[in-house]
There are 2 protein chains.
Amino acid sequence: MKRRNYTCGLDAAVDVMGGKWKALILWALQDGPLRFAEVRREVPGISERMLILSLRELGSAGLVHREDYREVPPKVEYSLTGFGRSLLAAMVPLGEWGEQNMAELEGLPRT
Amino acid sequence: MKRRNYTCGLDAAVDVMGGKWKALILWALQDGPLRFAEVRREVPGISERMLILSLRELGSAGLVHREDYREVPPKVEYSLTGFGRSLLAAMVPLGEWGEQNMAELEGLPRT
DNA sequence: CAGAATCCAAAAAGATACTG
DNA sequence: CAGTATCTTTTTGGATTCTG
């Protein structure tokens, strides 16, 4: 979430879930709460830094809830909020489109 | 389109239509071909530079077709391909989600 | 375990001026 | 009209080290 004045709903939606990681994190959380390290395993290639930054953005957008169990050793769980679930539902067709066309997209020449 | 090895369809889809402008350009082209200057008017705030860069990326991804009429003064039309149309269709739910939640998203504190 | 801090590189975007 | 060419700024991502 970076901007404020959106020209349309699509603009706003892409702003909130765009970028390299956020959609994948939402996707990873769809089957229930995950701990920090678990999310990391579900999103291959992400660094701790990008994970925490992305989780915080998703949190302040109201899409993800952070539950700190205040234990030692630390235990923190991340889960989708209702708002996050509604966004995830809206992303499903996009995911299916990508699934069906991945081969084509991966075969493109580099720009 | 920047990467190659996608972890899932959503990853691929966001890569191809993500960023600040590309979704808006696809959206602008939905009602038929537009000339360069017309696209620019339909996408408020975009610079000529970002417009041509984005159009080229969309073109090399096979989503947008560029038709040069080779006239003087120049006339070039951009239009969605069938592939582009299929992506646009998959983005509709996301646009509706954003439309319904724009007020909420715009009211968020800056991160 | 779940981060924070710092530094750095790369990519995306913006501003301005110019051209066939 | 439909772009190019430069330059600069901003944003994003990565690597490494450190901590409660």
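Here is how names work: the chains are called A, B, and so on, in the same order as the sequence lines, proteins then strands, and each is numbered from 1.
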| task | Whole angstrom is fine here: how far is it from CD1 in B:I46 over to P in D:dA2? | result | 15 Å
| said: Looking at every non-hydrogen atom in both residues, tell me the closest pair between B:M102 and A:G9 and how far apart they are. | reply: SD-N, 4.0 Å
| request: With heavy atoms under 4.0 Å as the rule, sort B:Y78 into base, sugar-phosphate or nothing. | output: sugar-phosphate
| note | Rounded to whole Å, CG of B:D68 lies from P of D:dA2 at a distance of 10 Å
| With sugar-phosphate meaning primed atoms plus P, OP1 and OP2, does B:R40 contact a base, only sugar-phosphate, or nothing at under 4.0 Å between heavy atoms? | nothing
| task | Verify the cluster assignment for B:V92 and A:V92: are they in a single hydrophobic cluster under the rule of side-chain heavy atoms below 4.5 Å apart? | result | no
| remark: B:L53 atom CG is separated from C:dA15 atom P, nearest whole Å, by 15 Å
| Side chains of A:Y6 and B:E106: is there a donor and an acceptor less than 3.5 Å apart? | no
| task | May I have the distance from A:K20 (atom NZ) to C:dA9 (atom C1'), rounded to whole angstrom? | result | 13 Å
| query | What's the CG-C1' distance between B:L58 and C:dA12, to the nearest Å? | reply | 15 Å
| request: Round to a whole Å and report the spacing from CD1 of A:I52 to P of C:dT6. | output: 17 Å
| note | When rounded to whole Å, the NZ to P distance for the pair A:K75 and C:dC1 reads 13 Å
| field | First of A:R49 and A:P74 reached from the 5' end of DNA chain C, by closest nucleotide | value | A:P74
| message | In this structure, how many angstroms lie between the P atom of C:dC1 and the CD atom of A:E77, rounded? | response | 15 Å
